[in-house]
Amino acid sequence: MAPSRTTTVKSKHAANKSGIKNSKTSSKSRSSQDSDGVSKSKSKKQQSKGAALGSATGKGQGVKKKRRVYTEKELGIPALNMITPVGVQQPKGKKKGKVFVDDRESMMTILAMVNADKEGQIESKMMKGRQMEEIREARKAEAEKRQEMRKSKLDETKDGLRKKRKRAGAKGEDGDAGAQEALAGTKPLKKRKSVSFA
Amino acid sequence: MRPLTEEETRILFAKLANYTGNSLKNLIAPLDNTPDSDRFVFRLHQSRCYYVRLSLANLATSISRDKLLSLGTCLGKFTKTLKFRLHITALPILAQHARYKVWVKSNGEMPFLYGGHVLKAHVGRWSDDCPEHQGVVVYNLHDTPLGFGVTARSTAEARRLDPTSIAVFRQADCGEFLRDEDTLFS
């Protein structure tokens, strides 16, 4: 149907917001105009045409065929501008509420799983403990060995020194015994100072 | 009062398995071999977990929730973060199925019962091959269970400890029956 040009429009922009004649908004605005008294003549025309059509097609067609109205759930459209946290989102068709474990079989299964888990943990702990103990033992043994070596080295040097001293003593037995003693540090080189009281 | 969910059951068993060995499965074994024999079940009531006979639990359904104070043996409490805290009331059950044990000398009994940890000097005997941080049940020398705790050192390491160092960290002791009298059962 061609747009009627008889309507009185106060402002050009008010009538057709989009500015396109056959766009959806323009048709909407037209229908909204129908409600106010401006385009009465047109609505009358439409009514009369509808009635004519009804009479032409037969009886019962006067009642408009109802279009099925779909709810949002039926369409399965995701709700806009809504953030549903991951934990909150429930899968469809899942039963609400808690699932209790009360039968013996399922409890036994859980128990077996937990026991196996714990057993493994204890075993690994013991293994680790044993390994650590071995390492500690080895380190201790090594430290002892090192201590022993150091001790033997010290003894060796001590013996060496003693031998050297003996040999030196044998060479100049009565020659300079005083010097020998001085070397060993047993006798002071200088004469000791003495104080006498009158 | 309700049965435990799968996760709650797992958490409870994991905690009990810290202290007990494989004999834990005897906890839920039926009392005799008849098909509809009575057995022990776990029930949750006001975040406390009870170990109770099924027949008794069924009878208890006739008592309203707010009027029901306690039933069976209280094992412990579920926290809001879904952890499980064992109470001293669980000691008889733990002692029956204990895997690792520590026997405390008579001079160490009272310090332990007053809430102290078990010192090396107070330990009379140990279970062999006990790892570190393992749940143990503490007994006195007459084999009376006094409480439970967690080992501070493994058995091998504990031998080298000095006498004043802690050997077992206390988790619960029988002294709590008196100390926590007000909060233990309600």
Side-chain angles (χ1 to χ4, degrees), chain A residues 83-152, chain B residues 1-31 35-44 51-52 54 57-58 82 84 97 99-100 127-136 151 153-160:
Chain A
I83 301 159
T84 27
V86 180
V88 173
Q89 242 171 354
Q90 287 286 337
K92 272 183 183 176
K94 203 190 166 191
K95 203 190 156 194
K96 267 186 185 175
K98 296 181 178 82
V99 181
F100 298 129
V101 180
D102 207 22
D103 57 320
R104 213 181 136 245
E105 282 72 37
S106 50
M107 264 164 72
M108 275 294 192
T109 321
I110 295 169
L111 183 57
M113 265 159 53
V114 168
N115 254 341
D117 204 24
K118 273 277 167 252
E119 203 74 26
Q121 272 179 24
I122 290 173
E123 200 63 37
S124 69
K125 239 191 230 177
M126 298 241 280
M127 284 283 285
K128 209 174 159 188
R130 253 176 240 148
Q131 274 178 357
M132 292 296 282
E133 195 66 25
E134 267 176 30
I135 291 168
R136 232 173 269 142
E137 287 290 321
R139 209 173 277 171
K140 205 177 167 186
E142 205 177 302
E144 266 176 24
K145 206 176 163 186
R146 213 179 293 150
Q147 196 82 15
E148 201 77 13
M149 268 176 68
R150 210 176 288 162
K151 211 176 177 183
S152 64
Chain B
M1 192 181 63
R2 64 169 175 83
L4 303 183
T5 62
E6 200 174 309
E7 201 184 354
E8 284 163 349
T9 313
R10 197 173 43 74
I11 291 163
L12 170 70
F13 282 155
K15 187 60 109 173
L16 289 176
N18 271 337
Y19 297 89
T20 60
N22 274 330
S23 59
L24 189 63
K25 59 178 175 244
N26 293 334
L27 273 184
I28 46 174
L31 297 177
D36 51 347
S37 62
D38 204 4
R39 63 192 169 98
F40 278 94
V41 290
F42 298 100
R43 286 287 181 269
L44 194 79
Y51 177 65
V52 61
L54 183 62
N58 290 342
L82 218 63
F84 190 72
H97 305 283
R99 182 178 187 150
Y100 295 109
S127 292
D128 273 341
D129 272 347
C130 182
E132 202 177 12
H133 304 141
Q134 172 68 36
V136 284
T151 55
R153 301 291 164 94
S154 65
T155 321
E157 274 181 76
R159 280 193 201 111
R160 285 192 294 273

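Lettering follows sequence order; numbering is per chain, from 1.
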**Request:** Below 4.5 Å from any heavy atom of chain A, which atoms of B:S154 appear? Answer side chain, backbone, both or neither.
**Result:** neither

Does any part of the side chain of [Y], heavy atoms only, come nearer than 4.5 Å to the side chain of [X], both counted from C-beta?
X	Y	result
B:R2	A:K98	yes
B:E132	A:M132	no
A:F100	B:L4	no

Might you point out which heavy atoms bring [X] and [Y] nearest each other, and give the distance in Å?
X	Y	value
A:R130	B:D129	NH2-OD2, 4.1 Å
A:M108	B:K25	CE-O, 3.7 Å
B:A17	A:N115	CB-OD1, 4.1 Å
B:P3	A:V101	CB-O, 4.3 Å

**Asked** In Å and rounded to the nearest 0.5 Å, what is the CD1 to CG distance from A:I122 to B:N18?
**Response** 7.5 Å

**Item:** Straight-line distance of A:M107 CE to B:T9 OG1, nearest 0.5 Å
**Value:** 6.5 Å

**Prompt:** Is B:R39 salt-bridged to A:D103, cutoff N-O under 4.0 Å?
**Reply:** no

**Message:** Any salt bridge linking A:E119 with B:R99? Criterion: basic side-chain nitrogen under 4.0 Å from a carboxylate oxygen.
**Reply:** yes

Atom [atom1] of [X]: over 12 foreign heavy atoms under 6.0 Å:
X	atom1	result
A:E133	CD	yes
B:R43	CZ	yes
B:R160	CZ	yes

**Asked** Does the A:K118 side chain pair with the main chain of B:T20, one donor and one acceptor, at a distance under 3.5 Å?
**Response** no

**Prompt:** Most heavy-atom pairs under 4.5 angstrom with chain B, which of A:I110, A:D117, A:V99?
**Reply:** A:I110

